[in-house]
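First up is the structure itself, then whatever we jot down about it.
Order of the sequence lines sets the chain letters (A, B, ...), proteins ahead of strands, with each chain counted from 1. Computation of the quantities below employed the complete heavy-atom set of this structure, encompassing side-chain atoms and omitting hydrogens, waters and symmetry-equivalent molecules.
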Amino acid sequence: QEKTEITITKQPSILYLPALVMQKQGLIEKSAAQDGVKNLKVNWRSFSSGGASTDALLSDNVEIVNSGLGNLLLLWDRTKGKVKGITTNSALPLELVSRDPKIKTLKDFGPRDKIAVPTVRVSTQAILLQMAAEKEFGKDNWSKLDANTVQLGHPDAAAMLANASGEISTHFAAPPFSYKELKTVPNAHVLLRSNDIIDGGLSQSTLFTTTKFAEANPKIIKAVLAASEEAIAFIKAHPDQAVDIYREISGDQTSAAELLDMLKQPGMMDFQMAPAGSMKFAEHMSKVGILKTKPAKWTDYFMPESAGLNGS
Amino acid sequence: MAYLLEVDAVTLRYKTPESIITATNKVSFNVNSGDRFVLLGPSGCGKSTLLKAVGGYLAPEEGEIRIKGKAVRKPGADRMMVFQEFDQLLPWKTVLENVMFPLLAARKMPRKEAQERARAYVEKVHLGQFADSYTHTLSGGMKQRVAIARGMSMEPDILLMDEPFAALDALTRRQMQDELLQLWEDTRFTVMFVTHSIAEAIRIGNRILLLSPHPGEVKAEVSDVESVADDAAAAAELEQEIHGLLFDPQGAHTE
Amino acid sequence: MAYLLEVDAVTLRYKTPESIITATNKVSFNVNSGDRFVLLGPSGCGKSTLLKAVGGYLAPEEGEIRIKGKAVRKPGADRMMVFQEFDQLLPWKTVLENVMFPLLAARKMPRKEAQERARAYVEKVHLGQFADSYTHTLSGGMKQRVAIARGMSMEPDILLMDEPFAALDALTRRQMQDELLQLWEDTRFTVMFVTHSIAEAIRIGNRILLLSPHPGEVKAEVSDVESVADDAAAAAELEQEIHGLLFDPQGAHTE
Amino acid sequence: MTRATITLKKDSADGDSARHVVVVRELPLIQKLWSDAFVRKTVIILLLALAWEIYGRLLDNPLLFPTLSDTIAAFIDRIGDGILVDRAWTSIKVLLIGYALGIILAAVITILAISTQIGTDFLEVMTAMFNPLPAIALLPLALIWFGLGTTSIVFVLLHSVVWVVALNTQSGFLAVSHTLRMVGRNYELTGLRYVAKILIPAAFPSILTGLKIGWAFAWRTLIAAELVFGVASGQGGLGWFIFENRNLLDIPAVFAGLLTVIIIGLIVENLVFRLIEKKTVRRWGMQG
Amino acid sequence: MTRATITLKKDSADGDSARHVVVVRELPLIQKLWSDAFVRKTVIILLLALAWEIYGRLLDNPLLFPTLSDTIAAFIDRIGDGILVDRAWTSIKVLLIGYALGIILAAVITILAISTQIGTDFLEVMTAMFNPLPAIALLPLALIWFGLGTTSIVFVLLHSVVWVVALNTQSGFLAVSHTLRMVGRNYELTGLRYVAKILIPAAFPSILTGLKIGWAFAWRTLIAAELVFGVASGQGGLGWFIFENRNLLDIPAVFAGLLTVIIIGLIVENLVFRLIEKKTVRRWGMQG
Ligand SMILES: Nc1ncnc2c1ncn2[C@@H]1O[C@H](COP(=O)(O)OP(=O)(O)OP(=O)(O)O)[C@@H](O)[C@H]1O
Ligand SMILES: Nc1ncnc2c1ncn2[C@@H]1O[C@H](COP(=O)(O)OP(=O)(O)OP(=O)(O)O)[C@@H](O)[C@H]1O
Ligand SMILES: [Mg+2]
Ligand SMILES: [Mg+2]
């Protein structure tokens with residue numbers, strides 16, 4: 001007996017655009033109905049952070065979480081495999097933006113140059129920075145830039161960057177903040193993009209749930225997969241309509257033209273279901289001790305239903 | 001054993017972090033129903049404490065206090081108390097409401113009846129004009145009169161009054177004494193009364209208990225006081241005698 | 001004009017949200033340096049209010065109060081006040097500290113000297129035994145005695161006392177009166193004194209101001225009171241006379 | 001001579017007629033206005049507003065701290081499209097529930113505390129333990145017990161209201177004078193009647209302070225809690241509104257949200273609490 | 001017969017010797033233990049601990065709500081490697097600074113409020129406006145003025161302490177009896193001396209309550225603020241410790257952090273505040 005009502009978390013950001021399309025167009029409901037689950041009701045619930053979504057999942061208040069890849073890995077590790085991914089649906093680039101003209105590469109950071117990341121040590125941005133440092137300074141120096149990081153939410157970091165006299169000159173930003181910073185802050189330039197660190201980019205928006213739920217509700221899992229595919233196809237085919245959906249649901253007042261322009265930037269249309277760069281990411285996480293068990297392959301932490309994706 | 005109130009070798013003590021203070025030491029006396037019993041003694045000798053113990057606010061360290069043969073354990077509306085302090089009125093109630101309050105709370109009479117009765121007693125203490133004033137706008141003497149009206153309006157079995165008239169001028173005091181005696185004539189309740197004025201004790205009481213200074217012990221008891229009531233000369237003589245007993249060193253037997 | 005204190009057609013009013021209460025109406029009198037000036041009048045006639053106005057706590061609605069020719073604007077340590085209320089002691093200080101407090105705060109004498117003087121006055125009011133007690137452990141009369149000691153120990157130019165002896169028994173009262181008179185002999189300060197007892201007024205005062213009931217107006221003034229001090233019969237006669245003036249309807253001129 | 005002189009005074013015999021002549025001293029207009037609390041407060045608020053505007057302009061960093069005029073523009077805009085009113089209303093509803101429940105719970109705890117020794121100890125232990133705990137500590141329990149709905153937020157609000165109100169109420173109760181307590185017990189008031197008829201009115205100034213602080217902290221907590229519990233489509237409160245607009249870098253809208261909180265605070269303080277104060281403690285002479 | 005009867009009583013003439021015989025009624029041991037607040041509180045705490053353990057086991061959801069034993073294991077572990085002590089110490093240092101500054105500022109504001117009309121209005125307007133504002137509202141200003149770091153946290157702490165303490169102090173001041181005020185003014189105490197020698201001791205119960213609540217809210221705010229302002233890695237306080245471990249889903253460590261807060265709360269309440277209370281308001285008979 002499959003559930004007839006589920007709740008999925010979402011976060012208000014362009015990274016999660018496919019979910020917004022699924023919500024707007026009722027794609028999960030549609031796919032489930034085709035599969036014989038009639039009258040499936042899908043609630044979408046916004047959370048301010050991945051941590052809050054995780055708690056909601058653990059307390060059985062939501063069925064599926066749409067959050068970052070790092071969150072999935074951590075939860076998979078801590079629950080000893082009882083939480084697994086269904087699919088990812090975006091791999092947009094994260095960009096290290098600096099407004100300090102003196103800083104052109106990672107080597108140029110002095111001890112006083114601060115880099116804003118959403119959460120020090122554990123956020124995707126912080127880990128990417130470590131991986132980049134490892135590449136740049138050698139295997140044992142992956143934590144070399146940790147001392148430069150400070151924790152600041154994206155909006156605050158963006159505001160600080162705009163403040164020419166502020167102490168933050170560099171921000172590891174996600175879209176749309178990186179886009180806005182590059183457009184408005186004098187001297188803003190990209191030092192590094194996630195695709196430079198992990199070849200082929202790194203998945204952002206990931207849908208995951210408990211294996212218990214997945215086993216009891218295989219049709220819903222399938223429906224989610226099908227809906228993701230359809231949503232991504234829709235975005236690629238009709239970016240203008242997708243942007244309208246984003247503006248409507250998120251309440252973002254940015255003009256459609258500007259948003260479309262943002263989507264035209266390199267890598268910004270990388271909405272894809274196949275997990276990208278997840279194993280490299282997971283390996284680093286286990287190396288620095290965040291993950292206690294090291295996955296052998298990406299399918300360890302994704303559902304069997306997703307094994308057909310061309311992941312990495 | 002028809003005593004209404006028996007105070008039996010009662011010792012009352014206060015414990016403070018610094019020390020233990022004995023307020024009264026083995027005080028014994030009995031009050032009959034209908035007595036107007038006056039406690040007389042120097043400042044600090046334990047009169048208020050004794051009254052509070054009878055009121056049930058303070059448990060004796062030794063001895064026992066019994067009312068109608070039953071030990072006093074807690075306060076009750078059968079013993080209405082008029083305190084010495086000015087802050088015994090409820091500041092959130094007007095004069096009239098203050099007087100009505102126990103009538104409604106403890107005697108549980110209908111509101112209308114309580115109001116009528118309260119107004120009558122407020123008039124008796126000459127505060128009709130201030131019936132609707134809040135108590136913080138009253139003078140010291142006016143506050144005490146409200147408390148007196150409140151105590152009397154309950155027409156309780158036992159009325160315990162702690163220097164109720166101390167803040168009143170001679171005339172008002174006289175009038176209040178008359179009201180009290182009139183009420184006693186009407187309802188024959190029992191009253192225990194603390195005062196500093198020997199003349200007042202003679203005027204009001206039929207029995208007077210004299211206490212020695214700190215810690216209070218019974219020094220003497222005067223009974224049949226009403227026999228001098230109509231005889232000014234005898235009253236003056238008795239006043240002298242009591243004064244001597246209370247205050248002259250040779251009259252005191254413990255020093 | 002050599003008057004120490006001039007009260008010139010002073011009207012005092014309280015404003016409450018409900019109404020305006022006139023406490024005294026156009027009261028005038030003068031006090032000479034060294035006077036022992038007594039205010040006498042029925043409860044609620046505005047004696048405390050008048051004293052507070054002289055103390056500088058209350059501005060007259062009409063008229064003016066002047067000390068040494070200068071209008072009173074605010075309270076000052078030249079006019080020590082002994083209030084009618086029991087809560088005038090500082091509960092966070094012991095008896096001795098309470099008496100020392102104004103000596104240190106307003107007279108600014110060295111601590112040691114203040115302590116000595118305070119102890120002497122605490123002894124004078126018979127509270128030596130309780131010098132280190134906190135005030136909440138005192139009886140009503142004992143609290144008032146601490147306040148009296150505090151007021152007298154300041155040995156101020158003007159001492160304003162509001163029924164200071166009302167809570168005291170006859171003997172203690174007598175002793176306190178003697179202390180006050182003795183202090184006056186020694187330092188010849190000026191004292192303004194509210195009392196309800198006509199006998200006390202005659203004993204203490206050299207001049208007595210009689211006030212009519214609410215709102216207070218000056219009814220009469222008695223001067224040369226000390227002339228009857230040593231003559232019990234004359235004192236009793238004066239007492240009768242004042243009683244008549246105050247309370248007999250025909251003696252009152254406004255009703 | 002053993003004769004005192006008695007002088008009768010006649011000079012005020014004009015009696016009643018003169019008694020009621022109240023000389024009202026006319027104050028100059030400015031002073032009269034100034035003596036009105038409402039006017040003074042308005043001036044203070046205007047000065048603060050001016051300071052905001054000037055500082056905002058000088059700072060010239062609209063992403064961090066917008067000017068008042070921008071904020072007001074956003075405010076009017078969002079009031080116009082109904083969103084702000086909607087969000088504020090959503091928050092206020094939850095807030096009132098949590099606040100009311102908090103007060104009730106505080107009352108229960110305080111009554112237990114005042115009537116039994118173990119109750120006192122319980123209150124003391126609980127406030128010492130739980131009051132310093134951030135809401136984050138309660139979230140897991142709230143999620144397990146009440147899920148994601150309003151109930152959870154109410155639960156967290158409870159936590160921020162109850163200890164404050166209980167502590168202030170208890171300290172007020174403890175400070176009630178011995179005499180008043182004795183008066184209450186004299187009339188055989190016990191239990192709830194004693195609390196309701198003696199302790200609460202006598203401790204009212206303290207209770208009122210507790211209520212004011214509880215109100216303020218309920219707001220603070222609500223705004224933080226709304227972020228954690230998230231929202232189902234389009235129904236968030238002011239906290240979510242602020243968060244959302246921050247994410248969109250629409251900072252004037254963020255400050256419009258905060259301005260709404262400020263305005264509600266001013267209204268509640270000056271209408272509700274002030275009125276209560278005027279009708280109670282001021283009237284009873286319990287407040288200088 | 002116009003003669004009253006006078007009966008002299010001799011029966012208590014044994015005098016002084018008898019006066020000081022104090023009959024101490026021996027209580028049974030259990031009752032004696034129970035009458036000790038410390039014992040009673042310990043029992044309450046143990047019961048709460050037991051409830052936690054049992055509920056934690058029943059719930060069996062260690063990623064949301066660990067058992068007490070897991071928490072204690074984590075606690076001991078983190079105490080052992082020195083991290084928890086370190087983090088707690090960092091927090092306490094910041095907390096004490098913020099708390100102290102908050103109290104000083106509250107004192108200044110309250111003194112202004114009590115001595116001038118405009119000061120009163122100012123305090124009322126400010127508390128009504130700022131007290132309900134969440135710390136998030138101060139963040140931009142803190143960032144601009146103080147940047148990232150301890151100073152900003154102290155600034156936010158100030159905000160959570162100052163209004164609470166000021167409100168309680170002011171309401172305490174307002175409730176000081178007229179007589180005591182008059183006494184103070186009689187001795188020509190004015191300004192600060194008046195406040196220090198009359199108002200503060202007379203309003204001490206209220207002030208103490210304000211200090212208690214302020215302390216608790218300072219903790220709450222500190223923990224929240226450390227999350228927002230973060231830290232340059234590795235130097236955070238307890239809030240950071242909790243946040244970090246939450247991010248790592250090391251929930252027993254999170255609760256170990258919260259347990260530390262609880263323990264500190266209990267210590268401060270029972271040692272510091274209790275002692276102050278005992279030496280002041282209890283001793284002075286200002287608290288029932
Ligand atoms: N709350 C208390 N704590 C400790 N000691 C107290 C307390 N109340 C009174 N005492 C002490 O008990 C003794 C008797 O006090 P009590 O009030 O009974 O005297 P009293 O006879 O009424 O005096 P007064 O005529 O002055 O009112 C005094 O020595 C006083 O110091
Ligand atoms: N704070 C106040 N607010 C309003 N009215 C007041 C206030 N204090 C006193 N009054 C009124 O002023 C009048 C005079 O009061 P006052 O205290 O001066 O009387 P008093 O002569 O001292 O009386 P008593 O002998 O009873 O102490 C009374 O009618 C009283 O109701
Ligand atoms: Mg007494
Ligand atoms: Mg008076």
Item to check | Side chain / backbone / both / neither for B:Lys52 at chain D, heavy atoms under 4.5 Å | outcome: side chain
Next on the checklist: Does any part of the side chain of D:Tyr187, heavy atoms only, come nearer than 4.5 Å to the side chain of B:Arg150, both counted from C-beta?
Outcome noted: yes
Checklist outcome for this item: Honestly, the part of B:Met80 sitting under 4.5 Å from a heavy atom of chain D is both
Checklist entry - Once you round to the nearest 0.5 Å, how far does CE of D:Met286 lie from NE2 of B:His136? => result 10.5 Å
Checklist outcome for this item: In terms of heavy-atom contacts, B:Trp92 and D:Ile198 come closest through CH2-O, 3.5 Å
Checklist entry - CZ of B:Arg111: more than 12 outside heavy atoms within 6.0 angstrom? => result no
Checklist entry - Are B:Phe101 and D:Leu189 side-chain neighbours, meaning at least one heavy-atom pair lies under 4.5 Å? => result yes
Item to check | Least distance between heavy atoms, D:Thr179 atom then B:Gln88 atom | outcome: CG2-CB, 3.7 Å
Next on the checklist: Is it the case that over 12 heavy atoms from other parts of the model lie below 6.0 angstrom from the NZ atom of D:Lys93?
Outcome noted: yes
Item to check | Residue part contacting chain D, namely of B:Arg79, when any heavy atom lies under 4.5 Å | outcome: backbone
Item to check | Nearest-0.5 Å distance that lies between atom NE2 in D:His178 and atom CG in B:Asp87 | outcome: 11.0 Å
Checklist entry - Okay, side chain of D:Asn186, backbone of B:Pro75: is any donor-acceptor separation there less than 3.5 Å? => result no
Checklist entry - Is it true that atom OH of B:Tyr14 has more than 12 heavy atoms of other residues, nucleotides or ligands lying nearer than 6.0 Å? => result yes
Item to check | Atom CZ of D:Phe122: over 12 foreign heavy atoms under 6.0 Å | outcome: no
Checklist entry - Which one of D:Met182, D:Arg185, D:Lys197 has the most heavy-atom pairs closer than 4.5 Å to chain B? => result D:Met182
Item to check | Sub-4.5 Å side-chain heavy-atom contact between B:Leu90 and D:Leu180 | outcome: yes
Next on the checklist: Taking side chain as everything from C-beta outward and backbone as N, CA, C, O, which of these in D:Arg283 sits under 4.5 Å from a heavy atom of chain B? Side chain, backbone, both or neither.
Outcome noted: both
